[in-house]
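The block underneath contains the structure these notes are about, expressed in C-alpha cells.
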Number of protein chains: 2
Amino acid sequence: MQIGQLATLAGVNIQTLRYYERQGLLPEPDRRASGYREYEPETVALVRFVKRAQELGFTLREIGELISLRDNDSVRRPEVRALAAAKIEDVERKIRGLSAMRTALRGLVDACSCGNGMSACPIIEALDEPRANQVRAHAASVPD
Amino acid sequence: MQIGQLATLAGVNIQTLRYYERQGLLPEPDRRASGYREYEPETVALVRFVKRAQELGFTLREIGELISLRDNDSVRRPEVRALAAAKIEDVERKIRGLSAMRTALRGLVDACSCGNGMSACPIIEALDEPRANQVRAHAASVPD
DNA sequence: CTTGACTCTATACCTAGGTATAGGGTTGAT
DNA sequence: ATCAACCCTATACCTAGGTATAGAGTCAAG
C-alpha cells in the first residue's frame, strides 16, 4: 500500500504520516527501488490508534510508549509490565475525572441546579481533585 | 489575592493566568488603583478546573464552553442544556475509549498475551472504533 | 513517449498553549 | 527614603503537532 492510500484509509494527511515516521511513532516502512514507501495493511490500525489515543489526551510521546508496549520481547517483560501498570494508573485517573465531569453535566441538564450566582458550581467542583488533608465524600471511583 | 498567590495555589505560572484572561477563560478581575489584579479565592478552583480538563483532552476553547455552562441565566437555559448534552456525549466517548485501553493494558500486565510478533495486538485493537458494517463483540459500554 | 497522478526530500509556515524578557511602576518592611 | 519583592504591559520566543510549498523523480495508461 502506498502512502496516499494509507492516508485515506486512516483519515490523516500524507505529511502527517511522514511526520509520525520522523517522530518514531511509525516504523520505517519498506521502500521500492524508487524510494516510494510500501506499507502493510496493519499500519492503518496503528495510525488510527494514534489518532484515537490523542483524543483521549495522550501526547505523541506517550502514545509512542504505548505502542512500544506492544513490541515486547521476553527479555524486557518486567519493564513492560511496570510501564503498563503506570499507564493503567493514568488511564484510571482520566476515567475518574471524566466520570466526575459527566455527573456534573448531567446535573446541569436534569435540574439546572447551577443557578445564576457565582456560588459553588458543580461543574467546577467536579474536577477539584482531592488534595492531602481534605476529605471528599463524593470522589468518583473507577467502575469495573 | 494577588496574581502570584493565585499562581502558587493553582500550580500555574503567572503568565499563564494572564494568558487565560486574554483568552476569556478567566473573568477580568478587579484592579487596585495601581492596576494590580485582585482575585477572589474561588478563582483557585476555576484555574485548577482548567488544568484538569486539559489533561482530560479538552482544548481551552472547549473548556471555555464548559465554564460558560456554569454561568447560565434562565433565558439561555435550553441552549445550555443542549450544549451540556453534547458535552456528555464527548465525555462518554472518551470514557469508552479509555476503558478499552485499560482492558488492553491489563491484558498486557496480567498475561503478556501480546507476543513477540507483529500480529494482532490488543493495545492497538483496543482503540479501533467500530465503523459501519463491522461488529465488535467486545465494545466497551459506558459504566454508570 | 507523453501526460497526469502519484511520490520523494527539504524547508517554510501555521495554530495552540504557553514561557521569557525588557522596561517600568508599586508595596511594605527596615 | 530605600530596597527587595512584587506587579504591570508589550513583545518575543518556545514546543507540540501538524500543514503547505518548491523542485524533482516515478509510474501506468493511452
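Here is the naming used below: chain letters follow the sequence lines, and residue numbers restart at 1 for every chain.
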Output the rounded distance in Å from [atom1] ([X]) to [atom2] ([N]).
X     : N      : atom1 : atom2 : answer
B:I3  : D:dC8  : CD1   : C1'   : 10 Å
B:I14 : C:dT21 : CD1   : C1'   : 14 Å
A:R18 : C:dA10 : CZ    : P     : 11 Å
B:E21 : D:dT9  : CD    : P     : 8 Å
A:Q5  : C:dA5  : CD    : P     : 18 Å
B:Q15 : D:dC7  : CD    : P     : 11 Å
B:Q23 : C:dT15 : CD    : P     : 13 Å

Report task. Could you pick out which residue, B:V12 or A:G4, lies toward the 5' side of DNA chain C when each is mapped onto its nearest nucleotide? Result ->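 So the residue in question is A:G4.
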Report task. Is it possible for you to say whether B:Y20 and B:Y36 belong to one hydrophobic cluster, with membership spreading through side-chain heavy-atom contacts below 4.5 Å? Result ->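 In one cluster with B:Y20: B:Y36, no.
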Query raised in the report: Who are the side-chain hydrogen bond (donor to acceptor under 3.5 Å, both in side chains) partners of A:Q23, not counting sequence neighbours?
Result: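 Expected list: none.
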Query raised in the report: For A:E65, what residues pass the side-chain hydrogen bond (donor to acceptor under 3.5 Å, both in side chains) criterion, not counting sequence neighbours?
Result: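 side-chain hydrogen bond (donor to acceptor under 3.5 Å, both in side chains) check on A:E65 returns A:K87.
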Between [X] and [Y], what is the shortest heavy-atom contact and its length?
X     : Y     : value
B:N13 : B:A7  : C-CB, 4.2 Å
B:V91 : A:L98 : CG1-O, 3.4 Å
B:L25 : B:I67 : O-CD1, 3.9 Å

Query raised in the report: Can we say B:R52 and B:E55 salt-bridge, meaning some charged N sits less than 4.0 Å from an Asp/Glu carboxylate O?
Result: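 Salt bridge: yes.
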Query raised in the report: Is A:E38 salt-bridged to A:R32, cutoff N-O under 4.0 Å?
Result: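 Looking at A:R32 together with A:E38, the answer is yes, because their closest N to O distance falls below 4.0 Å.
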**Report entry** Proximity to DNA chain D (any heavy atom under 4.0 Å), residues of residues 28-38 of chain A only
**Finding:**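 Those residues whose heavy atoms fall under 4.0 Å from DNA chain D, taken from residues 28-38 of chain A in numerical order, are A:R32, A:S34, A:Y36.
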Report task. Would you indicate, yes or no, if D:dC7 has its OP1 or OP2 atom less than 4.0 angstrom from a side-chain nitrogen or oxygen of B:Q2? Result ->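 Yes, such a contact exists.
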Query raised in the report: Under a 3.5 Å cut-off on both pairing distances, which runs of 3 or more consecutive Watson-Crick or G-U pairs involve DNA chain D?
Result: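 Result, WC/G-U stems under 3.5 Å: C:1-30 with D:1-30.
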Query raised in the report: Given B:R106 and B:T103, is the side chain to side chain contact (heavy atoms under 4.5 Å, CB included) satisfied, shown in steps?
Result: CA-CA 5 Å; B:R106 275 186 183 158; B:T103 301; 5.6 Å; no
Query raised in the report: Step by step, would you call A:V47 with A:Y39 a side chain to side chain contact (heavy atoms under 4.5 Å, CB included)?
Result: CA-CA 11 Å; A:V47 175; A:Y39 292 98; over 6 Å; no
What protein N or O atoms touch nucleotides 16-18 of chain C N or O atoms at under 3.5 angstrom, if any, and at what distances?
unit_1	atom_1	unit_2	atom_2	d
C:dG17	OP1	B:L60	N	3.0
C:dG18	OP1	B:K51	NZ	3.2
C:dG18	OP2	B:Y20	OH	3.0
C:dG18	OP2	B:Q54	OE1	3.3
C:dG18	OP2	B:Q54	NE2	2.5

Requested in this report: Apply salt bridge (charged side-chain N to carboxylate O under 4.0 Å, His left out) to B:E40 and list each qualifying residue two or more places apart in sequence or on a separate chain.
Outcome: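 Applying salt bridge (charged side-chain N to carboxylate O under 4.0 Å, His left out) to B:E40 gives none.
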